[in-house]
Amino acid sequence: MPSPMTSMTPSSRLIALLKGRGHVLVLTGAGVSRESGIATFRDAGGLWEGVDPMQLATPRAFAADPERVWRFYDARRTHAASAQPNPAHRAIAALEATGRPFLLATQNVDGLHERAGSKELVRLHGSLWRLRCTGCGDEHEDLQPKLEPLPPHCDACGAMLRPAVVWFEEPLPMIEFGRAQSAAREAELVLVVGTSSVVYPAASLQMAALEAGAYVVEINPEATSFSTHASEHLAGPAGVVLPALVAAAWPG
Ligand code: BV8
Ligand code: ZN
């Protein structure tokens with residue numbers, strides 16, 4: 001059952017908060033990249049590039065068949081490299097540019113927020129565009145879409161490289177998650193965009209913000225497990241809803 005405030009038009013309270021100068025926290029999931037042509041975990045019927053990520057985005061899958069896991073990630077890198085940031089990504093970067101206290105915490109690994117200009121950003125689940133050595137731990141950025149041969153190996157120690165993403169049953173990066181948690185406690189306004197709010201502990205942030213007294217707005221064409229808790233639910237695609245909200249956010 002959606003929250004009492006499910007609609008397509010923002011409330012006057014939300015507009016007032018957007019015009020204000022209070023701390024804003026934006027939480028995003030795969031839905032914010034949907035209009036860039038990148039399938040979400042749910043829309044593709046729980047499949048990414050035709051495979052079940054729950055089976056592949058795990059340390060066990062990587063240990064069992066690194067090349068198979070690498071083909072999955074290489075396909076997603078290639079797909080993400082040819083995708084473009086959409087109006088939702090750009091609206092979030094524009095909201096940051098208004099100069100108010102701001103943080104974006106994303107579960108996404110596709111790099112589209114960065115390409116849209118977001119700077120005050122924490123990546124809760126890592127990035128497709130960073131590789132980590134399973135031997136010496138060296139981590140570096142690697143933007144070339146196709147990695148040949150798979151799996152890639154470390155120039156320094158020769159061990160196999162892995163994508164620097166957070167797999168299921170792996171802990172989130174403490175510094176990034178800590179920054180998101182303190183922003184959830186300080187935020188006056190939280191926008192929860194394009195996430196089914198099922199993956200923890202990332203999904204705990206929106207509840208933490210509510211409990212700390214923030215006004216928490218969900219932007220999602222569908223209802224989610226969070227919708228009944230949200231202060232307001234704008235039931236539309238992020239690429240349409242966010243630009244309209246941000247237009248209201250500019251002072252004057
Ligand atoms: C952890 C990176 C503990 C990789 C991802 C057993 C053992 C240990 C842990 C667990 C366990 N059982 C469960 C857990 C916890 C587990 C978890 O939550 N599982 C879920 C499935 C129940 N969590 C973990 O394992 C986490 N780690 O708990 O560690 C620990 C602690 C200390 C020490 C050791 C261990 C790690 C979780 C991170 C996993 N990595 N991604 C990769 O990408 O390959 S998760 C991945 O899936 C994403 O990052 C994202 O988080 C998640 C997908 O969720 P969404 O982004 O929400 O996407 P989804 O498709 O679901 O929804 C899209 C939404 O968009 C929909 O609502 C749709 O309506 C909407 N939408 C569609 N179009 C639009 C739109 N919205 C707006 N506009 C549109 N146009
Ligand atoms: Zn190494």
Side-chain angles (χ1 to χ4, degrees), residues 2 27-49 51-62 69-70 72-77 79-80 86-89 91-92 105-111 123-140 152-174 176-177 191-206 217-227 233-243:
L27 302 171
T28 62
V32 83
S33 294
R34 185 80 187 77
E35 290 151 274
S36 297
I38 296 183
T40 67
F41 178 77
R42 288 165 48 102
D43 293 0
L47 294 183
W48 275 327
E49 309 292 337
V51 293
D52 175 359
M54 294 298 284
Q55 300 307 315
L56 286 189
T58 69
R60 225 166 308 140
F62 186 68
V69 173
W70 257 116
F72 170 57
Y73 280 95
D74 206 42
R76 287 173 64 197
R77 284 163 57 103
H79 194 71
N86 69 60
H89 297 107
I92 292 167
T106 186
Q107 298 170 78
N108 298 342
V109 295
D110 57 32
R123 292 185 286 247
L124 299 172
H125 293 161
S127 170
L128 287 175
W129 304 110
R130 294 185 65 77
L131 309 182
R132 187 186 313 135
C133 178
T134 59
C136 65
D138 167 72
E139 185 171 316
H140 62 276
H153 285 82
C154 177
D155 294 341
C157 76
M160 189 165 48
L161 301 179
R162 60 165 279 180
V165 298
V166 178
W167 281 327
F168 288 101
E169 296 158 40
E170 288 189 324
L172 271 59
M174 286 201 316
E176 283 80 359
F177 188 55
L191 305 180
V192 185
V193 190
T195 181
S196 57
S197 296
V198 297
V199 173
Y200 283 82
S204 64
L205 294 166
Q206 39 271 47
V217 179
E218 182 177 42
I219 296 165
N220 194 321
E222 291 176 21
T224 71
S225 52
F226 181 70
S227 300
H233 176 200
L234 294 175
V240 171
V241 173
L242 275 174

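For ligands, and for the atoms within them, numbers begin at 1 and follow the listed sequence. Side chains are part of it too, since the values below use all heavy atoms of this structure and drop only hydrogens, waters and symmetry mates.
Here is the list of ligand 1 atoms found below 4.0 Å of a heavy atom in A30: 55 (P), 56 (O), 58 (O). Residue E35 approaches ligand 1 through these ligand atoms, each under 4.0 Å from one of its heavy atoms: 78 (N), 79 (C), 80 (N). The V198 neighbourhood of ligand 1 comprises atoms 18 (O), 20 (C), 22 (C), with distances under 4.0 Å to a heavy atom of that residue. Less than 4.0 angstrom separates some heavy atom of G29 from each of these atoms of ligand 1: 56 (O). The ligand atoms of ligand 1 that sit less than 4.0 angstrom from a heavy atom of R76 are 42 (C), 43 (O), 44 (O).
Between the choices R123, R34, E170, the shortest heavy-atom distance to atom 1 (C) of ligand 1 belongs to E170. For the residues E218, M174, E169, the heavy atom positioned nearest atom 11 (C) of ligand 1 is part of E169. Around atom 49 (O) of ligand 1, the closest heavy atom drawn from M54, E222, H125 belongs to H125. Taking all heavy atoms of P171, P163, P53, A88 into account, the minimum distance to atom 30 (C) of ligand 1 is reached by P171. Taking all heavy atoms of F168, W167, F226, Y73 into account, the minimum distance to atom 19 (N) of ligand 1 is reached by F168.
Under 4.0 Å is where a charged nitrogen must lie from a carboxylate oxygen, and between R162 and E170 at least one such pair does.
At under 3.5 Å, not a single nitrogen or oxygen of N108, backbone or side chain, sits near a nitrogen or oxygen of ligand 1. Between I219 and ligand 1, not a single N/O pair is under 3.5 Å apart.
Centred on the Zn ion (ligand 2), the angle running from C154 (SG) to C133 (SG) is recorded as 110°, rounding to 10°. Geometry about the Zn ion (ligand 2) gives an angle of 120° between SG of C157 and SG of C136, rounded in steps of 10 degrees.
Contact annotation: for V199 versus ligand 1, heavy atoms closer than 4.0 Å belong to both the backbone and the side chain.
P221 counts as a contact of ligand 1, since one of its heavy atoms falls under 4.0 Å from the ligand.
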